Structure formats: C-alpha cells, structure tokens
Undergrad: 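First the structure, then my questions, so here it is.
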Amino acid sequence: MTTKNFAFVFPGQGSQSVGMLDAWGDHPAVAEAVREASGALGEDVGRLIQEGPKEALALTTNTQPVMLVAGVAAWRAWLAEGGAQPAAVAGHSLGEYSALVASGVLTLSQAAPLVRLRAAAMQEAVPVGAGAMAAILGLESAKVIEGCAQVTAAFGAGSTDVVEAVNFNDPAQTVIAGTKAGVEKACEMLKAMGAKRALPLPVSAPFHSSLMKPAAEKLREALAGLSLAAPRIPVVNNIDVAVEQDADAIRDALYRQAFGPVRWVECIGALKARGATHIIECGPGKVLTGMCKRIDATLAAGSVYDPASLQETRELLA
C-alpha cells in the first residue's frame with residue numbers, strides 16, 4: 001500500500017531508442033498497448049520499436065506515436081502490477097498526450113492517430129532545414145527570453161526570421177526555437193550574455209514556436225472531432241500549468257501547446273503544490289528524472305521503464 005503522495009510524468013521526443021520495450025518481455029499490459037496502437041495506426045508499431053532502425057524512430061511522425069505507446073505501456077504495466085494511482089499526472093510536450101491517456105481523457109486508439117497527425121503537421125509547417133532548436137545552458141530563463149526578443153527585433157519589422165524560448169526544462173536549461181538564422185544569431189547573443197553553452201538540437205522542426213501555428217490549426221480540427229472523457233486523474237498541462245476538467249478547455253490547451261512554450265519548471269512546482277513529494281517518470285529514459293532533481297532537490301524522483309525499475313519504484317513509494 002502506497003503511503004507517499006506521488007505524481008507521474010511522461011517523457012516526450014528525445015527519449016526514444018530501438019528496443020526500448022524489450023525489457024518488458026511479453027508483459028500482457030505492454031503487448032496490449034502495442035496491439036491497440038498498431039490497430040489504430042494500421043501498422044506494426046511493435047516491430048518499429050523493436051527493430052528500428054534508429055533513423056526511422058527519429059522521424060517525428062514515428063517518434064511521437066512510439067513515445068506515446070511506450071509511456072502508456074509502462075503506465076498500464078504499473079497498474080497491472082498493483083501500482084497505486086498517482087495524485088496527479090503531467091507530460092513533457094508530447095508526453096502530455098500520454099498523461100491524458102493515463103487520466104482517461106483520450107483512449108490510446110484516439111491518441112495514436114492524433115499524435116501522428118500532430119507530428120506530420122509540424123513537419124509540414126516548416127521545411128526541413130528551415131527551422132532549428134538549441135538548448136541554452138547556464139543562463140536564467142528571463143535572460144534567454146530577453147535575448148530572443150532582441151534578436152527577433154533586430155531582424156526588422158518585415159522579416160520572417162524569429163526565435164523564441166520554448167522549453168523551460170530546468171532553472172539552468174532553456175530550449176529556443178525558430179528559423180535557422182534566428183536560432184544561430186540567438187546562440188551567439190546568449191553566449192555573449194553569459195550562457196555557458198548553446199547546443200544545437202538534432203530535431204526536424206522548431207517545435208513549440210509560433211512557426212508551428214499552421215500545424216496547430218490542423219490539430220485543432222482533429223481535436224474537434226474527438227470526444228474527450230472527463231479526467232479521472234488531474235492533468236497539469238504545459239501551456240497554462242493548469243488542471244482543466246472541461247473537454248473544450250483541454251482541446252484548447254492542446255491546440256495552444258503546439259505553438260506555445262512547455263513550462264516544465266512550473267509544472268513540477270504545480271505537482272509539488274498539489275502535495276506530491278515523489279515524481280515518477282513513466283516511460284523510456286531518465287530525462288525528466290534528471291530535470292526534476294535540478295528543478296527541486298527536495299522532491300524524490302523515480303522511474304518506471306522496465307520490470308526492475310517498476311519494482312524499485314513500488315519500494316520507493318511503500
């Protein structure tokens with residue numbers, strides 16, 4: 001029986017790897033999640049995850065569905081093994097869709113085609129090579145916002161070049177996105193302003209920037225056609241750091257999330273404010289676990305990505 005107050009968080013793009021579900025073996029809950037998503041997408045998602053290749057998994061139209069499936073699979077395995085319900089859930093960027101499935105707002109069969117459409121629309125919104133993203137390390141987020149605004153203004157009123165702060169990952173790491181020229185210029189400017197490093201990210205589109213607005217419009221249309229259930233577990237969303245109950249409010253938050261920032265530092269703060277003392281990352285990798293420790297060292301962090309880590313987390317929460 002769990003006595004700790006805990007929240008589950010779901011990772012997004014970047015945590016995928018070939019064979020990331022192998023350690024689960026033939027766990028029924030994991031196999032069922034893969035089957036359900038494969039049926040909804042009309043392709044063998046399990047094979048793609050198991051065999052890759054890496055380049056295929058890295059295509060955003062594949063990354064988004066496979067990360068959704070991997071997060072939901074770990075969640076279902078947790079419940080199947082007698083794991084308790086968390087007090088709240090959240091997901092980083094794409095991970096918010098896994099959180100909504102965990103909360104019962106969307107079914108996996110609804111979410112898989114939805115995130116594939118989201119991915120395709122994002123890729124179409126900006127031609128490959130025209131946009132960019134970079135991680136800015138060692139500079140407070142307010143300075144990053146200020147530097148990006150200066151760079152965008154410097155291009156002049158008629159320019160289509162833009163750069164924005166889009167992921168507030170931890171107190172010393174903010175990701176920027178925009179046009180290639182905008183991001184390159186901002187990297188120089190932010191280093192001059194004191195950033196320790198500016199690392200270009202290997203992504204195919206400037207996610208969460210205003211350049212994603214055309215993608216968001218397609219996503220809004222798709223969301224309008226889906227019936228959403230009331231959340232069974234509170235979901236703290238990325239765009240407003242808010243918990244919504246109303247289906248239209250949830251749809252609107254997902255629409256705006258596509259071209260608005262991921263306020264992850266505040267999301268973790270909101271989970272703590274709801275009483276969580278433990279933040280458990282549900283799905284492949286340990287990216288969010290690391291972020292959590294850097295955001296608030298008083299929070300205990302754990303993860304569920306295979307049978308061994310699931311058992312460790314059950315013991316952590318006992």
Side-chain angles (χ1 to χ4, degrees), residues 8-17 20-21 33 37 40-41 45 48-49 56-75 89-103 105-126 131 133 135 166-169 175 177 201-209 211-212 215-216 218-220 222-223 226 228 235-241 250-251 253-264 267-268 281-289 291 303 305:
F8 262 42
V9 293
F10 294 85
Q13 291 192 196
S15 292
Q16 71 279 358
S17 61
M20 61 187 170
L21 295 181
L41 291 169
V45 175
L48 176 64
I49 293 171
L57 276 192
L59 293 169
T60 191
T61 49
N62 287 333
T63 310
Q64 297 201 27
V66 299
M67 281 303 298
L68 170 79
V69 174
V72 172
W75 165 253
V89 292
H92 188 283
S93 182
L94 166 74
E96 189 162 302
Y97 289 80
S98 307
L100 288 164
V101 173
S103 176
V105 174
L106 290 165
T107 65
L108 182 54
S109 296
Q110 286 176 313
L114 185 64
V115 300
R116 170 149 284 171
L117 175 139
R118 176 182 186 263
M122 285 176 159
Q123 196 56 78
E124 286 161 17
V126 180
M133 295 181 79
V166 296
N167 289 3
F168 299 96
N169 285 339
V175 173
L201 298 179
V203 294
S204 54
F207 301 116
H208 297 290
S209 72
L211 298 172
M212 292 288 108
K218 290 179 185 171
L219 183 62
R220 176 146 71 174
L223 282 162
L226 289 179
L228 274 51
V235 182
V236 176
N237 70 27
N238 289 175
I239 190 73
D240 303 317
V241 196
I250 294 169
R251 284 190 189 95
L254 288 175
Y255 157 71
R256 288 181 293 118
Q257 188 229 42
F259 62 94
V262 174
R263 296 163 60 186
W264 194 245
C267 287
I268 294 298
E281 180 169 10
C282 186
K286 290 188 170 180
V287 172
L288 301 183
T289 308
M291 282 183 200
S303 41
Y305 56 87

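The structure presented is a predicted model; accordingly, all values stated were derived computationally and were not measured. The basis for the numbers below is simple: all heavy atoms, side chains too, and nothing from hydrogens, waters or symmetry mates.
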Undergrad: Would you call Met67 and Tyr97 a side-chain contact if the rule is heavy atoms closer than 4.5 Å?
TA: no
Undergrad: Out of curiosity, Leu48 CG to Leu59 CG, how far, rounded to the nearest 0.5 Å?
TA: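 Reported to 0.5 Å precision, the distance equals 9.0 Å.
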Undergrad: Report the C-alpha distance between Arg263 and Asn167 in whole Å, list the side-chain angles of each, state the deciding distance to 0.1 Å, and finish with yes or no for side chain to side chain donor-acceptor pair (under 3.5 Å).
TA: CA-CA 6 Å; Arg263 296 163 60 186; Asn167 289 3; over 6 Å; no
Undergrad: Under 3.5 Å, is there a donor on one side chain and an acceptor on the other for Gln13 and Thr63?
TA: no
Undergrad: Using every non-hydrogen atom in the two residues, find where Thr60 and Gln123 come nearest and quote the distance to one decimal.
TA: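 Shortest heavy-atom contact: CG2-OE1, 3.5 Å.
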Undergrad: If I take atom CD1 from residue Ile268 and atom CG from residue Asn169, how far apart are they, to the nearest 0.5 angstrom?
TA: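 Between Ile268 CD1 and Asn169 CG, I get 10.5 Å after rounding to 0.5 Å.
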Undergrad: Decide yes or no for Met212 and His208: does some side-chain heavy atom of the first lie under 4.5 Å from some side-chain heavy atom of the second?
TA: no
Undergrad: Rounded to the nearest 0.5 Å, what separates atom CH2 in Trp75 from atom SG in Cys282?
TA: 7.0 Å
Undergrad: Side-chain contact test, heavy atoms from C-beta onward, threshold under 4.5 Å: evaluate it for Arg116 versus Pro65 and give yes or no.
TA: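 Side-chain contact under 4.5 Å: yes.
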Undergrad: Is it the case that the side chain of Asn237 and the backbone of Glu96 share a donor-acceptor pair, with hydrogens and angles ignored and the cut-off at 3.5 Å?
TA: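 No, because the side chain of Asn237 does not come within donor-acceptor range (under 3.5 Å) of the backbone of Glu96.
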Undergrad: I'd like to check Leu288 versus Trp264 (side-chain heavy atoms, cut-off strictly below 4.5 Å). Are they in contact?
TA: yes
Undergrad: Within a 6.0 Å radius of atom NZ on Lys218, are there more than 12 heavy atoms belonging to other residues, nucleotides or ligands?
TA: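 Yes, NZ of Lys218 has more than 12 neighbouring heavy atoms, counting only those of other groups under 6.0 Å.
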Undergrad: Once rounded to the nearest 0.5 Å, what's the spacing between atom CG of Leu108 and atom OG of Ser98?
TA: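 So the gap between those two atoms works out to 8.5 Å.
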